[in-house]
Amino acid sequence: MVETHHRVNPQPLLDPNTTILPMIHVKDVHKSFGNLEVLKGVSLDVARGEVVCIVGPSGAGKTTLLQLIGTLDQADSGTIVVDNTDIASLNRLQLAHFRNRRLGFVFQFHQLLPEFSARENIMLPALIGGASRHDAEQRANQLLSFMGLDNRAEHRPAALSGGEKQRIAVARALCNNPAVVLADEPSGSLDTQNKEELHQLFFQLRDEMGQTFVIVTHDEQLASITDRTIHLNDGQVV
């Protein structure tokens, strides 16, 4: 497995005194759709607190791998351990709870609900997870302040700029303070300035809140500044 390193990892997999389990451990994972084998024995580890990019040509299996790590689909074989949890050992309800509490998702086109305000969109994961409206609103307000969007809290998505929408989407992903944030082409729909601001936001969040980020991207600028770049081609790490 050849990986491109761009900076020192914030927390190594091996400590001189003890072994630190990776945040994400993927071992020999296979996934097919009908007769098409998309992932062909993928193995990789992601350390706690890393910001990692997965790159490769279209059809390489990047989004499929992200969906498997995010428990949105199941591997045909192999092992996926996230935050010390073997996700294959969880039943449907346990998976839903794990996904809500331990994972955050950011998509290319923000996927905000148009009928809700920015604050209400951020609150949704907490409400789904059983938090009170008061606690969910308090958390949303904290994230709005962190993102510098206090004055946009009551605006619906149609009244927000592209960069603001994506920052609200990131805030929503962080609502339950997940261990891992999974992002699929998060800056793909943004202009250059908003891309750069979003990319720096990922590192700021890692440094201040401790999240681990796994980002699927075609953006070479983003890939060049992450802690590590993992290359997928034809369903395999190369």
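Please read these numbers as outputs of a predicted model, since none were measured by experiment. These numbers come from the heavy atoms of this one structure, side chains and all, not from hydrogens, waters or symmetry mates.
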- ring pair (Phe, Tyr, Trp, His ring centres under 6.0 Å) involving Phe202 - partner list, sequence neighbours excluded: Phe213

- Message: Applying ring pair (Phe, Tyr, Trp, His ring centres under 6.0 Å) as the test, list every pair that has at least one member in residues 161-191; sequence neighbours left out.
- Response: none

- Can you name the side chain to side chain contact (heavy atoms under 4.5 Å, CB included) partners of Ala131, sequence neighbours left out? Ala126

- Item | salt bridge (charged side-chain N to carboxylate O under 4.0 Å, His left out) contacts touching residues 158-174 (sequence neighbours left out) | Arg152-Glu164

- Tell me the salt bridge (charged side-chain N to carboxylate O under 4.0 Å, His left out) pairs involving residues 82-94, sequence neighbours left out? Arg48-Asp83, Asp83-Arg102

- Residues Ser117 and Glu120: closest non-hydrogen pair is N-OE1, 2.9 Å

- Does Glu115 have any side chain to side chain donor-acceptor pair (under 3.5 Å) partners at least two apart in sequence or in another chain, and if so, which? none

- Message: A side-chain contact here means heavy atoms from C-beta on lying under 4.5 Å apart; do Gln193 and Lys195 qualify?
- Response: no

- Item | By side chain to side chain contact (heavy atoms under 4.5 Å, CB included) - contacts of Glu220 (at least two apart) | none

- Task: Please report the C-alpha distance between Asp227 and Arg206 in whole Å, then the side-chain angles of each, then the deciding distance to 0.1 Å, and finally whether the salt bridge (Lys or Arg N to Asp or Glu O under 4.0 Å) criterion is met.
- Result: CA-CA 11 Å; Asp227 297 324; Arg206 185 272 303 280; 2.7 Å; yes

- Ignoring hydrogens and angles, tell me if any N or O in the side chain of Asp28 forms a donor-acceptor pair with the backbone of Val42 under 3.5 Å. no

- With sequence neighbours excluded, tell me which residues meet side chain to side chain contact (heavy atoms under 4.5 Å, CB included) with His97. Arg101

- Of all residues at least two apart in sequence or in a different chain, which pass the side chain to side chain contact (heavy atoms under 4.5 Å, CB included) check with Phe105? Leu72, Arg99, Leu103, Phe107, Leu182

- Residues that Lys40 engages under salt bridge (Lys or Arg N to Asp or Glu O under 4.0 Å), provided they are two or more places apart: Asp234

- Name the one of Leu143, Asp135, Asn141 that satisfies side chain to side chain contact (heavy atoms under 4.5 Å, CB included) with Arg139? Leu143

- Message: Side-chain heavy atoms under 4.5 Å apart, restricted to Ile/Leu/Val/Met/Phe/Trp/Tyr: what other residues fall into the cluster of Leu124, or is it alone?
- Response: Leu113, Phe116

- Task: For atom CD of Gln74, decide whether the heavy atoms of other residues, nucleotides or ligands shown that lie under 6.0 angstrom number more than 12.
- Result: no

- Message: Please list all pairs meeting side-chain hydrogen bond (donor to acceptor under 3.5 Å, both in side chains) that have one or both residues in residues 53-64, counting only residues at least two apart or in different chains.
- Response: Thr63-Asp184

